[in-house]
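Everything numeric here is computed off the predicted structure, so don't read it as measured data. Residues: numbered from 1 along the sequence shown.
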Amino acid sequence: LFESHKLIFSFLICSQILLARGDIAMDEWNVLLRGFGPKLDDVGADGDDDGSNKSKASSTTTSTSMPNPASDIISERTWDMIESLDAMRVMVPLKDNGSGGGDDDGKSHDDDDDDDGDDAAGGGEREVKQEERQPFKGMRDDMVENLERWRDVLSSDAPHTMTLPGVWDTRLSAFQKLLLVKALREEKLMFAFARFVGEQLGREFVEARPTRMDEVYGDTDYKTPIVFVLSQGADPTSILLRFAKEMKMSERLEVISLGQGQGDNARRLIEHATQHGDWVLLQNCHLAKSWMPDP
């Protein structure tokens, strides 16, 4: 796993945990991954909407658009995203609190009992109840009416760390705030991911640990080498030389740079090292691709 991929990997782990726990709605997850589709004007206005659009948060937006209130700092693409979030409906699973009371879905308790009996008799799983929510409802109007309060967030170098104006900082979940960062300042989304994972799982999941040669060395043996996969400009030679000194192997470390005509020399060094327990550092292995697979 390359260093540049570790944050995304940690974010995926964190998100899957929260999705399984019901703390993230699948509709919200889809919006983060794919954004919104093209606007659909007057969804359901002709009476054909039977509710199937409720779970399609990524394809429905508001039917009544408002003009962009600040085209100097809000692009048209950003404003479209804000309007889409404002109109977004998501289906959220209701967590069972075991109370058994409350008839909030309009079904009679007799019907619920019959359903439970059918599930028990058939060995099926009980259907998870969901409710529709609009977490961003009213944000568009709030931005228009209180634009000056939003300017700091829109122009900040770190919008993901800003306290949101009005009720939004407490009303939105941590994941919903990621959607807002995606809408307002998508270039800051990776920084928001790091903050999100750190808050949910801990800083150790986002902070890169320095490479320790003693830990790496513990995973090696006479037939398991250390392979350095380098980014441009990186050179671990000094780290290895310092570690060799600590291990009292400085006089038994051979360094050879591969290239034209160096294959035989490298082979002799390796054969000697395997017989006497010495170390060999092969540099510029990419210049000897044809030689490296040789036994």
**Request:** Please report the C-alpha distance between I8 and M190 in whole Å, then the side-chain angles of each, then the deciding distance to 0.1 Å, and finally whether the side chain to side chain contact (heavy atoms under 4.5 Å, CB included) criterion is met.
**Result:** CA-CA 8 Å; I8 291 295; M190 291 298 291; 3.7 Å; yes
**Prompt:** Are the side chain of S15 and the backbone of L12 linked by a donor-acceptor contact shorter than 3.5 Å?
**Reply:** no
**Request:** Please report the C-alpha distance between T274 and I270 in whole Å, then the side-chain angles of each, then the deciding distance to 0.1 Å, and finally whether the side chain to side chain contact (heavy atoms under 4.5 Å, CB included) criterion is met.
**Result:** CA-CA 6 Å; T274 57; I270 293 172; 4.3 Å; yes
**Asked** Does L201 reach the side chain of V206, with side-chain heavy atoms less than 4.5 Å apart?
**Response** no
**Nearest heavy-atom neighbours spanning D86 and F136** = OD2-O, 3.5 Å
**Prompt:** Taking the six-membered ring for Trp, are F11 and F193 parallel (under 30°), tilted (30 to 60°) or perpendicular (over 60°)?
**Reply:** parallel
**Sidechain-backbone polar pair: R171 side chain, P135 backbone, donor-acceptor under 3.5 Å** = yes
**Donor-acceptor pair, side chain of R252 and main chain of H276, under 3.5 angstrom** = yes
**Prompt:** Can you tell me if Q283 and T237 form a side-chain donor-acceptor pair at under 3.5 Å?
**Reply:** yes
**Prompt:** Nearest heavy-atom pair of L178 and L189: which atoms, and what distance?
**Reply:** O-CD1, 3.6 Å
**Prompt:** Under 3.5 Å, is there a donor-acceptor pair between the side chain of R34 and the main chain of W29?
**Reply:** no
**Request:** For the residue pair F243 and W279, categorise the inter-ring angle as parallel (less than 30°), tilted (30 to 60°) or perpendicular (more than 60°).
**Result:** parallel
**Message:** Would you say that L281 contacts I256 through its side chain, given a criterion of any heavy-atom pair below 4.5 Å between the two side chains?
**Reply:** no
**Prompt:** Using a distance-only test with no angle check, is there a side-chain donor-acceptor pair under 3.5 angstrom linking T163 and D169?
**Reply:** no
**Request:** Would you mind checking if D157 and K188 are paired as a salt bridge, meaning a charged N to carboxylate O distance below 4.0 Å?
**Result:** no
**Asked** Would you say the side chain of M66 lies within less than 4.5 Å of the side chain of E83, judging by non-hydrogen atoms?
**Response** yes
**Asked** Salt-bridged, R195 to E199, with N to O below 4.0 Å?
**Response** yes
**Item:** Main-chain N/O of I226 paired with T220 side-chain donor or acceptor, under 3.5 Å
**Value:** no
**Prompt:** Hey, mind stepping through V255 and L253 against side chain to side chain contact (heavy atoms under 4.5 Å, CB included) and telling me if it holds?
**Reply:** CA-CA 7 Å; V255 180; L253 170 63; 4.3 Å; yes
**Request:** Apply salt bridge (charged side-chain N to carboxylate O under 4.0 Å, His left out) to R133 and D27, showing your working.
**Result:** CA-CA 11 Å; R133 294 180 184 173; D27 293 328; over 6 Å; no
**Prompt:** Is there a side-chain contact between V181 and E186, using heavy atoms and a 4.5 Å cut-off?
**Reply:** no
**Under 3.5 Å: donor-acceptor pair, side chain of W291, backbone of L258** = no
**Donor-acceptor side-chain pairing of S71 and N68 below 3.5 angstrom** = no
**Message:** Any heavy-atom pair between the side chains of Q130 and V92 that's under 4.5 Å?
**Reply:** no
**Request:** Find out whether T161 and F191 are in side-chain contact, i.e. whether some heavy atom of one side chain is under 4.5 Å from a heavy atom of the other.
**Result:** no
